[in-house]
Amino acid sequence: VRHAVLALIISSFSLTFAQAKSLSWEEAVDVVVTGEGDVAKARQGLISDPALDEQLRGGLAKGGRSELRALNAIRLLPRPSMVKELLGTLAKLPASEKQGQLYFVTLASMAGGEHGAEILAGLQAKVNVTSKTVPSSLRLALLSGMSLRSTAPTGGVLLQLLDDTSFEIRLKAMELATNRFKGGEKEQQEFLLKAMERSPYPLRLKALSVIGDLPAAQRQRYKSEVTKCAQSDQNQVVKEACASLKF
Amino acid sequence: VKMLFAAFIALSSSAFGQTCDPQGATYAACIEEAANAGQPPCLSCQVAEAVAPECNAKYDRLFRDGTVNTTIAWGYTDSNGSAEDNVWGEYWNSQIVDRLTGPCPASFQMYSPEQHGEDSEAIAGRQEATGCGGPVTFRQSCGFSRGDDPEIFTKTIVRNGRSIKLNIRVLQSALSASDSVNRSSRVEFIKKRICATTPATQVNSCVTQNTPPQVSSAQLLQSCRAGDEQLYQICRSDYVRRAWRSSIENGDEIVMYNGHARKGGGPSFDPPKVRSDGHVDYAWYESVREGHNQEAKSFETAVARGNPPVIYASHSCDSQKHFIRNGRFPEVSPTTAIVGSTRTSYSDETVGSTLATLDSAFSGSCDINTRIQSAACGFGINNF
């Protein structure tokens, strides 16, 4: 019994000691990523650590999972002080390789925050959003970055993206068009009319929703296309949505 | 019989394009030849893969009616209540879609094979045993076609001389890559679907009166129309949840959840519940376990109907701990094989495991576990 009590006391001391021990930056990032543990405390510990940037640099240099963990920390906290460093590394990496892609997508996800304009400029220097040789996942990440920053490519590029081989890119072009066409009536009309003729069907449904929100006089310009869609669209939901639009 | 089989292969070659045997010495040349002939890549890869006889029984249920239906449901992959607005799954989903719709064979290599604190000897040992972290090639997770519905991917393969139709449905819970945009779409939804006929001066108060907790989410969902899942987050989350449950209950052979574990409260298709300090309310997820209870209930229904999924993948952090050791798998559906993670799983592992699981199953592979571990170190299959 005495031994058991002693073991219990020792184990409760070790537990208390383990709890009191602060997390390493890598352990803290895993807590923030997974939610396993005290997220608020782990986050606060990371933010208040004066040596964090240095540790993150070490993680980036180490490669593999440490690098991925550092990129996650920079993205999730977020850590704008590391943006220049990431952009510098990205400029040297081929976008066709995994490492370059991870830097690219990490930066794209931070485009809505501090240094957003600088980030977008760096990403656009790396990837042409209409290029057929760049994987659509990277081009999608760039377009998402633009969306987070409430900006968009030119009207001409958006029109071109409606013919992209990737459905995800076409749908993202539609999402961005709502940022782009505030006030540009003629460009908007050209874009929406083209979208009404393209697959996949959510593209047509979203175009229709934008048309439905236009002032009555502007909406009138789409009457013949919407009437045609109400009669012959291949998708029943789109067909019904067209039929329900009032002019 | 041999002549009939040869005739069938000849017929399927002309109907689907060139058939290339991946075990054959001329596989690469065959693929190249088909590409040079201007055939769409998906038509040049109707792989007739040799299947070891001892594995046939395991796959009988998967291929029995000549169609394999798969549903991949992405959860709401927010940044766990961090300051970042980005919903992360869009990029990783596109990594899967790029390969499914790209030419065969597809290739993949995860970025982060090692675990925290692991020494190089342990990494090397695991890599030697499973090939974990090395480049992998997929001959079936590729070459799919899409029509007007972006969720649906199809292709036909020949297996043991029989034509098999493969249907994959990919569902994305997040309306866009911005959490704040997704959440704010609820106001627009209430304005358009509930307050549409309200006089302009009273719209704001109408919105307030119809915003939870004034009304329940279930009441709001009654106003979602067909197609609203493309426009409003609240309808999108509900649409994906229903489709995912229906895929379990109504006979899909393979079902996958790719998203947050929410400490055992997942699967989770909605923007997360957050506390007043902005952090995800994990205590709620841990105690209520809404998502896991829903999936268990759907499996009970499927088992009662005699048709549960053959393979279920829970692509989330520590899913073996949350949903097998501390959850209701595999007991709730003893004949279902479960893919789960032994650790914090990063998104590249989810991509690797999704593609490897599909590739192995469609190929009728005997060593599915090794193939999954090879593509995605932290994942493995149980109860297979």
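The sequence lines fix the lettering, A, B, ..., with proteins before strands; numbering per chain opens at 1. Since the structure is predicted, the reported quantities are computational estimates derived from the model, not experimental observations.
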Quiz prompt | Region of B/Q109 in contact with chain A, defined by heavy-atom distances below 4.5 Å | solution =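 It is both, since atoms from each part get that close.
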
Self-check item: For chain A, the option from B/S316, B/P150, B/C317, B/S178 that forms the most heavy-atom pairs under 4.5 Å
Solution: B/P150

Exercise. Against chain A, work out which of B/V87, B/D149, B/V181 has the most heavy-atom pairs shorter than 4.5 Å and name it.
Key: B/D149

At a 4.5 Å cut-off on heavy atoms, which part of [X] comes close to chain B: side chain, backbone, both, or neither?
{"X": "A/V238", "value": "neither"}
{"X": "A/Q99", "value": "both"}
{"X": "A/S109", "value": "both"}
{"X": "A/A241", "value": "neither"}

Quiz prompt | Within 6.0 angstrom of B/R242 CZ, more than 12 heavy atoms from elsewhere | solution =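 12 or below, so no.
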
Practice problem: Check the side chains of A/E67 and A/Y103 for a donor-acceptor pair under 3.5 angstrom, ignoring hydrogens and angles. | Solution: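 Side chains of A/Y103 and A/E67: pair found under 3.5 Å.
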
Quiz item: Do B/C224 and B/R193 have side chains that get closer than 4.5 Å, going by heavy atoms?
Solution: no

Quiz prompt | Heavy-atom side-chain proximity of B/R236 to B/S185 below 4.5 angstrom | solution =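 The answer is no; the side chains never approach within 4.5 Å.
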
Quiz item: Going by an N to O cut-off under 4.0 Å, is there a salt bridge joining A/E175 and A/K172?
Solution: yes

